[in-house]
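The structure under discussion appears below in the form of structure tokens.
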Amino acid sequence: MTEAETRRLLVDLSASLFARGFSVGTAGNISVRLPDGYLITPTNSSLGRLDPARLARLDAAFAHVDGEVPSKEVFMHRAMYTARAEAGAVVHLHSTMATAVACLPDVDAANPIPPLTPYFVMRVGRRMPVVPYFRPGDPAMEPAIHAAARDARAVLLANHGPVVSGRTLADAVHAAEELEEAAKLFLLLRRDNPRLLTAAQVADLLATFR
Ligand code: 13P
């Protein structure tokens, strides 16, 4: 994919997330790895109205080199890329259901959403830990996210929202969508003792859909 195509795809996927309510106002930010750096959404921008020519460009060391002022969450994105060599894109949202789970004190912080459905396991993985609360833009979140992401494709920031990595931009967006739906199912069912996928079923999914 050319850089122009990548910019267009980032803008189109962002607009789609916004149109379907996965992001409101100026919440959320998205980045994608380039051969020589990264593109990331500008700070205080609506995911619904991005301009491909004005995305912030970072060099391979995450320094801002072009475009508008980058998201204040560059640290968050850097934590995911440095923890996960395969990550080609990172999506951060404040999507309602996942953020609701991130506000619950009585969930398992190591893995709050159990394996209810195959697509959550296939897209998000075996576990998604909760990272303690940090103020948005606080660089102190970086080591905490990095440590959690070494073992997980996605993490949930307490009282804030999900951070999801993927091999490609589309993968990361699809995983963020599956995570939101899984969070919704979890909130619908958590008082009903739902049937979960077994450890063998989870292992089968992870072995079959790498
Ligand atoms: P930015 O506008 O700086 O990207 O921040 C939005 C956000 O989602 C903060 O967590």
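What you see is a predicted model; the values in this text were computed from it and never measured. Counting convention: from 1, in listed order, for ligands and their atoms alike.
Relative orientation of the His92 and His160 rings is perpendicular, given thresholds of 30° and 60° on the angle between their planes.
A donor atom on one side chain and an acceptor atom on the other are not found under 3.5 Å apart for Ser45 and Arg49.
Between the side chain of Glu68 and the main chain of Ala56, no donor-acceptor pair closer than 3.5 Å is present. With hydrogens and angles ignored, the 3.5 Å screen pairs no side-chain donor or acceptor of Glu142 with any backbone N or O of Pro139. Side-chain atoms of Asp192 do not come within 3.5 Å of backbone N or O of Pro194 as any donor-acceptor pair.
Annotation for Asn193: atom CG does not count as buried by contact number, only 12 or fewer foreign heavy atoms lying within 6.0 Å.
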Ligand 1 N/O to protein N/O, distances under 3.5 Å:
residue: ligand 1; atom: 2 (O); partner: Asn44; partner atom: N; Å: 2.7
residue: ligand 1; atom: 3 (O); partner: Thr43; partner atom: OG1; Å: 2.6
residue: ligand 1; atom: 3 (O); partner: Lys72; partner atom: N; Å: 2.9
residue: ligand 1; atom: 3 (O); partner: Lys72; partner atom: NZ; Å: 3.1
residue: ligand 1; atom: 4 (O); partner: Asn29; partner atom: ND2; Å: 2.9
residue: ligand 1; atom: 4 (O); partner: Ser71; partner atom: OG; Å: 2.7
residue: ligand 1; atom: 5 (O); partner: Lys72; partner atom: NZ; Å: 3.0
residue: ligand 1; atom: 8 (O); partner: Gly28; partner atom: N; Å: 2.8
residue: ligand 1; atom: 8 (O); partner: Asn29; partner atom: ND2; Å: 3.4
residue: ligand 1; atom: 8 (O); partner: His94; partner atom: NE2; Å: 3.0
residue: ligand 1; atom: 10 (O); partner: Glu73; partner atom: OE2; Å: 2.6
residue: ligand 1; atom: 10 (O); partner: His92; partner atom: NE2; Å: 3.1
residue: ligand 1; atom: 10 (O); partner: His94; partner atom: NE2; Å: 3.3
residue: ligand 1; atom: 10 (O); partner: His160; partner atom: NE2; Å: 2.8

